[in-house]
Amino acid sequence: MAEIYPLCDFDEVPDPGSRDFTIETKTHPVDIFIVRKGRQIYGYLNSCPHRHVNLNWKPNEFHDHSGEYLQCTFHGATFRIEDGLCVHGPCVNQRLRALKIQNDNGKLCLIL
């Protein structure tokens, strides 16, 4: 059975912008982040496929300088927001692990 973890209100995520969370699951904590682009919310495991380190360089900061891509602070790999595909850096063509985020009347939840 799926586990549901409340995150935040939709309007609490800047556009464009991101929020990070540590989810306390039944077995272990999981670092995740969500990204807003317009009316869309995308969720990913906060782990670079290259070195398995958190992507953000400070809390809630995942975008590159252009704001168009997500960027790993460790080695600068850049990822598309829409699908987590690495388009530049040492893990080109690898993806961030996507997560299911549900928007229930403006309340965002992680579904595991």
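- Judged purely by distance below 3.5 Å, without hydrogens or angles, the side chains of N46 and D20 never pair a donor atom with an acceptor atom.
- In terms of hydrophobic clustering, with Ile, Leu, Val, Met, Phe, Trp and Tyr side chains grouped at heavy-atom distances under 4.5 Å, L96 and I81 are assigned to a common cluster.
- With D15 contributing its side chain and G38 its backbone, the two residues share a donor-acceptor pair below 3.5 Å.
- Within the 3.5 Å criterion, the main-chain N or O of N56 finds no donor-acceptor partner in the side chain of T73.
- Between the side chains of T78 and D64, no donor-acceptor pair of N or O atoms lies under 3.5 Å.
- A distance of 3.5 Å separates NZ of K107 from CG of D9, quoted to the nearest 0.5 Å.
- Hydrophobic clustering of Ile, Leu, Val, Met, Phe, Trp and Tyr side chains at less than 4.5 Å, counting indirect connections, keeps V35 apart from Y69.
- Checking L108, D31, I32 one by one against F21, the side-chain contact (heavy atoms from CB on, under 4.5 Å) holds for a single residue, I32.
- A single hydrophobic cluster is seen to contain both Y5 and L45, as judged by linkage of ILVMFWY side chains at heavy-atom distances under 4.5 Å, directly or through other members.
- Residues I34 and V13 form a side-chain contact, since some pair of their non-hydrogen atoms from C-beta on lies under 4.5 Å apart.
- Under a hydrophobic clustering in which Ile, Leu, Val, Met, Phe, Trp and Tyr are joined whenever their side-chain heavy atoms come within less than 4.5 Å, directly or via other members, L7 and Y42 fall into different clusters.
- Electrostatic pairing of D83 and R80 counts as a salt bridge here, judged by a charged N lying under 4.0 Å from a carboxylate O.
- Between L110 and K100 there is no side-chain heavy-atom pair separated by less than 4.5 Å.
- From Y44, atom OH reaches atom CG of L55 across 11.0 Å, with rounding to the nearest 0.5 Å.
- Contact between H63 and W57 at its shortest, heavy atoms only, is O-NE1, 4.4 Å.
- To the nearest 0.5 angstrom, S66 atom OG is 8.5 Å from Q71 atom CD.
- Considering T25, T22, L99 in turn, T25 is the only one that fulfils the side-chain contact (heavy atoms from CB on, under 4.5 Å) rule with V30.
- If you take CD1 on I4 and SG on C109, they are separated by 6.5 Å, rounding to the nearest 0.5 Å.
- Summarising the geometry, atom SG belonging to C86 is positioned 10.5 Å from atom CZ belonging to R95; distances are rounded to the nearest 0.5 Å.
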